[in-house]
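See structure below.
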Amino acid sequence: MNPPRTDARRHHDPEVRGFASDNYAGAHPEVIAALALANGGHQVAYGEDAYTENLQQVIRSHFGPTAEAFPVFNGTGANVVALQAVTDRWGAVICAESAHINVDEGGAPERVGGIKLLTVPTPDGKLTPELIDREAYGWDDEHRAMPQVVSIAQATELGTVYTPDEIRAICEHAHAHGMKVHVDGSRLANAAATLDVPLRTFTNAVGVDLLSLGGTKNGALFGEAVVVLDPDGIKHMKHLRKLSMQLASKMRFVSVQLEALLARDLWLRNARHANEMAQRLAEGVRAVHGVEILYPVQANAVFARLPHDVSERLQKRFRFYFWDEAAGDVRWMCAFDTTEDDVDRFVAALKEEMAR
């Protein structure tokens, strides 16, 4: 059978690789196959389709029998919808100063969600009960936004990973103050791969109330989900999702991607591979004199410091971003399709530029 005709043309070189973001990677072939499987015929729109219904069972296999998934378009949308669900109009969210919701979402939680962010400096991107207490006060003070939620990222924006015990301590501390706990899980799979534990071990099993479940950074074409772990305590998610412009009409094409990742082990295979490539990259970088790795490499990110001019020359050969340009800090990300040869060529290029 001949493939369907298309007038589209390829406009990029599929052999080009970079280390700027795991969002640069395409979709995993198994995800593309799942999308083709879901295509054809008619399915009820706005989430009343067979794929979204089946996704609920897949989600519960990972997060327990009460979990409920609300597919959305993207990670910022997932975070904004989730945080709105657990804050009042006068509510605030405590997060790390380096959190994605604070530095990389264009003010969406505050401007779109109407949520005050109370940020805390951290040495490694991770909150602790003691750090949370810097902003966990003033619930009866009408002059101050009321702390109602603690939001953590797993893995963090600095590539570090919370242990289950660390998240349990945060949840117990937050709940004792009447606050809920949200996890930004855009790289939740990478954290699970590092910890070598099921997803439930550091989410519902330790007290997390809801999370943003990532798909795009781990092999999906697009799509994430808000996962509510306690539906009795968090209401009106459907209304919030629509109000926030995150309700997909053809939702089957979001849901089937998450199903393809989570129904078996594709999510874990992809995350393990990306993490392994980051470890290989870190090992190679450590052998280069004059380059400093800044944080423990615990997921699929490597943060490093090197001379500014070296980074600028290297960026002409491989795409990556400055993290703190003034300090010379950069971030290198690995993806599910990063190869050993990609890493080795990058390390060789780094050595060449450092030697100039």
Side-chain angles (χ1 to χ4, degrees), residues 70 72 74-158 160 162 166-186 188 203 206-213 224 226-237 239-241 243-246:
F70 296 85
V72 296
N74 54 45
T76 296
N79 287 336
V80 171
V81 170
L83 294 175
Q84 285 183 96
V86 285
T87 51
D88 295 310
R89 285 180 58 82
W90 51 88
V93 174
I94 299 173
C95 65
E97 191 174 65
S98 58
H100 197 274
I101 58 174
N102 184 49
V103 300
D104 284 305
E105 295 188 348
E110 294 164 315
R111 293 180 63 85
V112 177
I115 300 160
K116 173 67 175 176
L117 299 180
L118 303 173
T119 63
V120 181
T122 68
D124 56 2
K126 293 163 64 174
L127 290 177
T128 64
E130 293 74 23
L131 289 173
I132 289 168
D133 279 346
R134 294 188 182 184
E135 293 291 348
Y137 64 89
W139 287 276
D140 293 324
D141 183 356
E142 67 268 34
H143 301 287
R144 187 172 194 269
M146 181 186 293
Q148 293 184 317
V149 183
V150 174
S151 180
I152 63 174
Q154 177 74 322
T156 73
E157 280 299 288
L158 301 183
T160 52
Y162 289 92
E166 287 173 331
I167 297 180
R168 184 191 303 276
I170 287 171
C171 290
E172 290 177 351
H173 191 71
H175 292 160
H177 286 296
M179 297 186 292
K180 294 190 181 296
V181 176
H182 163 258
V183 171
D184 178 350
S186 65
L188 201 73
T203 54
V206 295
V208 171
D209 296 289
L210 77 170
L211 60 95
S212 303
L213 178 63
E224 327 279 307
V226 177
V227 179
V228 175
L229 301 175
D230 179 18
D232 290 335
I234 300 172
K235 304 290 188 182
H236 308 300
M237 281 297 306
H239 299 278
L240 281 170
R241 178 174 58 182
L243 181 69
S244 301
M245 299 171 286
Q246 288 291 318

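If you're wondering where the values come from, they're calculated on a predicted model, not measured in any experiment.
Note that CG of Leu211 is 11.5 Å distant from CD of Glu224, once rounded to the nearest 0.5 Å. Interatomic distance, CD1 of Ile167 versus NZ of Lys126, reported as 9.0 Å (0.5 Å rounding). Atom OH of Tyr162 sits about 7.0 Å away from atom OG1 of Thr156, to the nearest 0.5 Å. Rounded to the nearest 0.5 Å, atoms CG (Leu210) and NZ (Lys180) are 8.5 Å apart. Between Asp209 atom CG and Leu229 atom CG the span is 7.5 Å, to the nearest 0.5 Å. Separating the SG atom in Cys95 from the CD atom in Glu157 is a distance of 11.0 Å, to the nearest 0.5 Å.
In terms of modelled atom types and a separation under 3.5 Å, the side chain of His175 and the main chain of Cys171 share a donor-acceptor contact. Side-chain atoms of Ser244 never come within 3.5 Å of backbone atoms of Gln246 as a donor-acceptor pair (strictly under, hydrogens ignored). Remark: side-chain polar atoms of Asp184 are not paired, donor with acceptor, to backbone N or O of Ile152 under 3.5 angstrom. Within the 3.5 Å criterion, the main-chain N or O of Asp124 finds a donor-acceptor partner in the side chain of Thr160. Proximity of a side-chain donor or acceptor of Asn102 to a complementary backbone N or O of Glu97 within less than 3.5 Å is detected. Here the side chain of Trp90 pairs no donor or acceptor atom with the backbone of Met146 at under 3.5 angstrom.
Side chains of Val93 and Leu117 form a contact here, defined as non-hydrogen atoms less than 4.5 Å apart. Side-chain atoms of Leu127 and Val120, non-hydrogen and from C-beta on, do get closer than 4.5 Å to each other. For the pair His182/Val149, a side-chain contact is recorded, criterion being any heavy-atom separation below 4.5 Å from C-beta on. Looking at Thr128 and Glu166, their side chains never come closer than 4.5 Å, going by heavy atoms from C-beta outward.
For the residue pair Thr76 and Ala108, the shortest heavy atom distance occurs at CG2-CB, 3.7 Å. Taking every heavy atom of both residues into account, Val226 and Ala78 meet most closely at CG2-O, 3.4 Å. Closest approach of Ala136 to Met179, counting heavy atoms only: CB-CE, 4.1 Å. Between Leu118 and Pro147, the shortest heavy-atom contact is CD1-CG, 4.0 Å. Pairing each heavy atom of Thr122 with each of Ala96, the nearest pair is CG2-CB, 3.9 Å. In terms of heavy atoms, Ser98 sits closest to Gly125 at OG-CA, 3.7 Å.
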- For Arg241 and Val72, run side-chain contact (heavy atoms from CB on, under 4.5 Å): C-alpha distance rounded to whole Å, both residues' side-chain angles, the deciding distance at 0.1 Å, then the answer. CA-CA 8 Å; Arg241 178 174 58 182; Val72 296; 4.0 Å; yes
Please evaluate residues Phe70 and Val227 with respect to the criterion side-chain contact (heavy atoms from CB on, under 4.5 Å), reporting the C-alpha separation (whole Å), side-chain torsions for both, the decisive distance (0.1 Å), and the verdict. CA-CA 6 Å; Phe70 296 85; Val227 179; over 6 Å; no
Report task. Let me see the working for Val183 and Ser212 under side-chain contact (heavy atoms from CB on, under 4.5 Å), right down to the final yes or no. Result -> CA-CA 6 Å; Val183 171; Ser212 303; over 6 Å; no
**Prompt:** salt bridge (charged side-chain N to carboxylate O under 4.0 Å, His left out) between Glu135 and Lys116: does it pass, once the steps are laid out?
**Reply:** CA-CA 12 Å; Glu135 293 291 348; Lys116 173 67 175 176; over 6 Å; no
Next item on the list: Begin with the C-alpha distance, continue with both residues' side-chain angles, and end with the deciding distance and a verdict on side-chain contact (heavy atoms from CB on, under 4.5 Å) for Leu83 and Ile101.
Entry: CA-CA 10 Å; Leu83 294 175; Ile101 58 174; 4.1 Å; yes
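Each of Asp133, Val150, Ile94, Ile132 was evaluated against His177; a single residue qualifies, Asp133, per the side-chain contact (heavy atoms from CB on, under 4.5 Å) test.
Under a cut-off of 6.0 angstrom, the local environment of CG in Asp140 is sparse, with at most 12 non-hydrogen atoms contributed by other residues, nucleotides or ligands.
The closest side-chain donor-acceptor pair between Ser186 and His100, if any, does not fall under 3.5 angstrom. Defined by atom type and a distance below 3.5 Å, a donor-acceptor pair is present between the side-chain atoms of Glu105 and Asn79. A donor-acceptor contact closer than 3.5 angstrom links the side chains of Gln148 and Asp88.
Judged by the 6.0 Å distance and 45° axis criteria, Arg144 is positioned over the aromatic ring of Tyr137.
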